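Below you'll find the structure, written out as structure tokens, and then a few comments.
Below, chain A is the first sequence line, B the second, and so on; all start at residue 1. In this text, all values refer to a predicted model and were calculated from it rather than measured experimentally.
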There are 2 protein chains.
Amino acid sequence: MTEARRRRKKNRVTSLDIAHRAGVSQATVSRVLAGSPLVNPETRRRVEQAVRELNYKVDRHASSLRTQRAGTLALLLFEDPTPDDSHINPFFLSMLGSITRACARHGHDLLVSFQQLSDDWHADYEDSMKADGLILLGYGDYLTYRAKLETLVAQGTHFVRWGQVEPGQPGVSIGCDNHAGGRLAGQHLLACGRRQVAFLGDASSRFPEFQARYQGCDAALREAGLGLSPALQADADSTEEAGFKATRELLARGQPFDAIFAASDLIAIGAIHALKEAGLRVPDDVSVVGFDGTAMARLADPPLTTVVQDTSRAGELLVSTLLQLVRDQPVQSVMLPPTLEIRASSMR
Amino acid sequence: MTEARRRRKKNRVTSLDIAHRAGVSQATVSRVLAGSPLVNPETRRRVEQAVRELNYKVDRHASSLRTQRAGTLALLLFEDPTPDDSHINPFFLSMLGSITRACARHGHDLLVSFQQLSDDWHADYEDSMKADGLILLGYGDYLTYRAKLETLVAQGTHFVRWGQVEPGQPGVSIGCDNHAGGRLAGQHLLACGRRQVAFLGDASSRFPEFQARYQGCDAALREAGLGLSPALQADADSTEEAGFKATRELLARGQPFDAIFAASDLIAIGAIHALKEAGLRVPDDVSVVGFDGTAMARLADPPLTTVVQDTSRAGELLVSTLLQLVRDQPVQSVMLPPTLEIRASSMR
DNA sequence: CTGAAAGCGCTTACAG
DNA sequence: CTGAAAGCGCTTACAG
């Protein structure tokens, strides 16, 4: 055993040590540290001094075992279909950042874990008392997803999910108003004088977020007597490669289009590459609008117009809602309004 | 109290419940779950069945309180000087991903927390038994950093740091061989016929990673009778904005250059924007090489040549080294060899 | 191979 | 305002 480790183990300070040094009982030490008002100010001072002098920290396990609260939330990040380190969707990494910060603000720790949406989730953080509740993050086939959400509800697990908000869903969801976001994109493309808008992304009910974006854009176009055409829709999951391929496929169809609304920024960036490769100019020949508001949208060439999801508010809302749930307070699903950030990729 | 929650609380299954159902003692249940060989196979079967039937999970706090092991590691991610959600360096997010995966492989949970390098770190995860050790991630002024590392060492905290590996450093470090990476960049630019290489990034000892990259590139150039010139070096922290501004500043100096070696991909992407803005072509007029091997390098226009750090191996090594440290096994600092990924930004 | 018992370090009714 | 005592749910010497 190293010297440092021996020191650490031997020196392990407990609340009893603090009690002795401050001349009070263990119970009083606990009260001071819990911020109880039932403590004489002078007593509190002495205890706090002893805590400082001995660098005492409450043992989390002892505390949690007694109170049956972990003071910790767990974030499950689903990463189908790209289990490659470098390919995690930057939007979700941004969400991870804001969730981490929100947890810290609320005085909770955050356990982070990556899961395959298609596999069995290791959602037993609450059963083993490691976390008071779960935050579920990541899109994927909703057919798979929904069944697992129902299992969680049946087990009485506390969880909040990021995703499309729809009536009758199991559990509580926080999500972007994707329909409104699609509408913003459609209206903007109309204002740019575009008439034939292509959509890149799976628009079926298996991907409710993408579907709502599709429908929102479609609705905006319909109000102008237009609409999205199935002939100008191509599936793509949220990667640059998929956006690249889908755009090539679209071009191969020969059906003319003057704008692309991509279901995510990554898809949009892939689309821009494919358009350039085909000798088309962005935005002169084709306007491109993405979705998410990731940092890379600004770095794209040309800079990408994108529907921005408010990740800061999203993280805060996910955490605060989950904590309310844990405390048995009433909660509700919330849709956050997106905004449009207009850049050169769409404006002629 | 909601129905689900009442059920959850009331149903809380303990090892004693399993013991009763399997007709054994609590001690035997514990042995089975710990995989002890001192258990009759038939007894083991009965216990495992009861565990399955009651969906029993060991209470982490009770277990950790008894064993004095948390089964958890904590990741501290420093984010000076950009505490904005969207601006976390994508390289560190990629590292976060690989560390998360490595933790899971090693059967440990991971607590994630963002910290300001300049503030007091909340490095008390080990004091409160929340984690068995720390992984430190993020660059920053090493003057600040080093003092805090020494404090951690003095406290006997178990930690591993990601960063430049140098003799005499406090604690254990895992890092990229930045000097070798700089050398790769320099040799490649020479092979591209470049003679006047500019460097973007702080090359002082306060940023040892950047400094080593500078020196490695300089060494390669010197072998060809050239070298990096201080007149062609401009400070930049690892953001696109900083790279953009540094390049503008460089251009304003009027000193000619035909290549830029940027200390990070973000800086390089900012540089490309500034070069284009100035009417210069990449790579025809100026070759650009970045560092990190982030996903956005591939998406840049033109695609960015970059020195790739192996984040997968890095994450695995950080976690396995930390676990060895926690187990009092001998460990050592390691430098990982980088590779060069050549793309269009450097090749005429 | 198995069980009875102690104890990890807290918090919280309870009593004063 | 304070203290003595119990107990959260495990694991592990110890004894057999």
Side-chain angles (χ1 to χ4, degrees), chain A residues 8-48 50-51 54-72 124-130 132, chain B residues 8-48 50-51 54-72 124-130 132:
Chain A
R8 170 169 284 284
K9 286 212 163 171
K10 202 160 148 191
N11 277 9
R12 178 125 199 88
V13 178
T14 72
S15 63
L16 216 49
D17 297 322
I18 304 299
H20 287 150
R21 176 175 270 249
V24 297
S25 73
Q26 209 183 12
T28 297
V29 173
S30 185
R31 285 191 194 100
V32 169
L33 268 50
S36 163
L38 305 162
V39 183
N40 181 302
E42 166 56 17
T43 310
R44 152 161 287 127
R45 204 198 50 71
R46 287 213 315 281
V47 170
E48 283 169 346
V51 165
L54 298 183
N55 188 31
Y56 170 69
K57 296 290 187 312
V58 174
D59 183 303
R60 178 55 149 274
H61 300 298
S63 172
S64 288
L65 176 59
R66 188 58 172 79
T67 61
Q68 302 288 68
R69 266 175 276 117
T72 302
D124 54 354
Y125 290 92
E126 200 169 345
D127 299 316
S128 55
M129 304 294 283
K130 291 196 275 195
D132 299 313
Chain B
R8 169 169 285 282
K9 286 213 163 173
K10 203 161 145 190
N11 277 9
R12 176 122 200 91
V13 179
T14 71
S15 63
L16 216 49
D17 298 321
I18 304 299
H20 289 150
R21 177 175 271 249
V24 297
S25 73
Q26 210 183 9
T28 297
V29 173
S30 184
R31 285 191 195 99
V32 169
L33 268 49
S36 163
L38 304 162
V39 183
N40 181 302
E42 167 56 17
T43 310
R44 154 160 285 126
R45 204 198 50 70
R46 286 212 315 280
V47 170
E48 283 170 347
V51 165
L54 299 185
N55 189 33
Y56 170 69
K57 295 289 187 313
V58 174
D59 183 303
R60 177 55 149 275
H61 300 298
S63 172
S64 288
L65 177 58
R66 187 59 171 79
T67 61
Q68 301 288 67
R69 264 177 276 116
T72 302
D124 54 354
Y125 291 92
E126 199 169 345
D127 298 316
S128 56
M129 303 294 285
K130 291 195 275 195
D132 299 314

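- Salt bridge A:R45/A:E42: present, at least one basic N to carboxylate O contact under 4.0 Å.
- Regarding contacts with the backbone of D:dG3, a side-chain N or O of A:T28 is found under 4.0 angstrom from either OP1 or OP2.
- Contact annotation: side chain of A:R31 to base of D:dG3, donor-acceptor pair present below 3.5 Å.
- Picking from D:dG7, C:dG9, D:dA4 the nucleotide with the shortest atom distance to the side chain of A:A27 gives D:dA4.
- Under the Watson-Crick or G-U wobble criterion, with both distances below 3.5 Å, D:dA15 is paired with C:dT2.
- For the pair B:V24 and A:S63, both in contact range of DNA chain C, the more 5′-proximal nearest nucleotide belongs to B:V24.
- A gap of 23 Å separates the P atoms of D:dG9 and D:dA13, to the nearest Å.
- Residue B:Y56 places no side-chain N or O under 4.0 Å from the OP1 or OP2 atom of D:dG9.
- Residue contacts shown for A:T43 are limited to sugar-phosphate atoms, with no base heavy atom under 4.0 Å away.
- Summary of the strand contacts: B:A34 and B:L65 both lie near DNA chain D, and taking for each the nucleotide with the nearest heavy atom, the more 5' one is attributed to B:L65.
- Between C:dT11 and A:S30, a contact under 4.0 Å exists linking OP1 or OP2 to a side-chain N or O.
- How far CD of A:Q26 is from OG of A:S15: 3.5 Å, rounded to the nearest 0.5 Å.
- Here the side chain of B:R60 pairs a donor or acceptor atom with the backbone of B:A70 at under 3.5 angstrom.
- For the pair B:A62 and A:L33, nearest-nucleotide mapping onto DNA chain C gives the more 5' position to B:A62.
- Rounding to whole angstrom units, NE2 of residue B:H61 and C1' of C:dG9 are separated by 13 Å.
- Side-chain atoms of B:R44 come within 3.5 Å of backbone atoms of B:S36 as a donor-acceptor pair (strictly under, hydrogens ignored).
- Note on B:S15: every side-chain N or O is 4.0 Å or more away from OP1 and OP2 of D:dG9.
- For D:dG16 and D:dT12, the C1' atoms lie 16 Å apart once the distance is rounded to whole Å.
- Using a 4.0 Å cut-off, some side-chain N or O of A:Q68 falls inside it from OP1 or OP2 of D:dG9.
- Residue B:R60 places no side-chain atom within donor-acceptor reach of the base of D:dG9, judged by atom type and a 3.5 Å distance cut-off alone.
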